[in-house]
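Comments concern the structure below.
We name chains A, B, ... by the order of the sequence lines, and we start the count at 1 in each one.
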Amino acid sequence: MTRAGGVFAALADPTRRGVIEALVNSPRTPGELASALAVSPQALSRHLRHLRRVGLVQAANRENDARVLEYRIRPAALRPLRGWLDRVEALWEKQLSSFRDFAERDR
Amino acid sequence: MTAGAGDFIKASVSVRLGIEQSFRLFTEQIDQWWRRGPRYRNGGPDSGLIHLEPRLDGRVFESSKSGQGERVFEIGRIVEWSPPARLAFTWRNSVFADDEMTLVEVDFTSQGASTLVTVVHRGWAAIRPDHPARHGMQIPAFQRSLGVWWGDQLSSLRSLGK
């Protein structure tokens with residue numbers, strides 16, 4: 001599976017999308033995430049593992065309290081996905097310029 | 001990528017022709033302008049012919065001749081047919097799973113003597129190469145919700161620590 005494919009697959013799940021949304025503004029602990037999303041700690045931990053594996057989130061100790069583990073988003077993981085869309089866009093731009101050339105020829 | 005894009009791409013071109021004629025050429029003569037070669041067509045070394053049946057639920061498909069006769073690959077179906085302003089069709093790549101599809105919308109807008117042709121190709125966030133099953137949701141609803149979600153999220157995510 002491509003990296004972009006892995007990111008799409010990870011985000012196809014509503015709970016995992018909820019995790020990303022919850023992390024957009026600030027890092028959170030697994031406990032905070034589980035209660036915000038109303039899922040069990042076990043289920044959440046499975047989803048976090050999936051998101052970690054595709055590189056969408058990372059875990060680190062809180063800056064001012066090393067006992068607290070918190071999760072944050074890794075925006076870099078979205079890059080391959082944007083690259084994929086960029087290629088789709090480039091193909092359509094070529095198609096449309098080909099259409100223009102054809103349409104304007106001899107008319 | 002276009003600013004504000006979520007799970008869709010947008011491309012446009014201005015053509016020095018009226019809207020009626022632009023729409024007609026785009027649809028009726030699609031094989032004439034559709035690029036050739038493996039990046040644009042599936043039909044092997046000789047490239048297939050691209051067809052578009054000009055009506056609601058018409059097929060958009062590629063056909064190619066081989067030793068075994070004619071081979072047809074259906075790209076999608078027309079889901080909106082409003083000449084000369086707009087058409088939309090579903091779109092599958094040959095690598096998509098059976099239940100995976102995206103949507104191509106084409107808008108024609110008059111600009112004096114010219115016509116602006118805009119393609120929006122959406123639904124990419126719903127394409128999951130490894131997981132064909134989709135939580136029992138209807139595909140269009142799923143694509144819509146995910147498409148909107150992407151649109152909302154990507155702008156936030158992009159503004160995060162560059």
Would you check if A:Trp92 and B:Thr118 make a side-chain contact, meaning some heavy-atom pair closer than 4.5 Å? no
State, yes or no, whether a side-chain contact exists between B:Trp33 and A:Gln95 at a heavy-atom distance under 4.5 Å. yes
Does A:Ser98 offer a backbone N or O that forms a donor-acceptor pair with the side chain of B:Arg35 under 3.5 Å? no
The interface call for B:Leu25 against chain A, heavy-atom contacts under 4.5 Å, is both
At a heavy-atom separation under 4.5 Å, does B:Thr115 approach chain A through its side chain, its backbone, both, or neither? neither
Excluding sequence neighbours, so at least two apart, what forms ring-ring contact (aromatic ring centres under 6.0 Å, His included) with B:Phe89? none
Counting neighbours of CD on B:Glu70 that are heavy atoms of other residues, nucleotides or ligands and sit closer than 6.0 Å, is the number greater than 12? yes
For the hydrophobic clusters of this structure (ILVMFWY residues joined by side-chain heavy atoms under 4.5 Å, transitively), does one cluster hold both [X] and [Y]?
X	Y	value
B:Trp34	A:Phe99	yes
B:Val106	B:Ile30	yes
B:Leu52	B:Phe61	no

Find the distance between OG (B:Ser22) and CZ (A:Arg100) and round it off to the nearest 0.5 Å. 12.5 Å
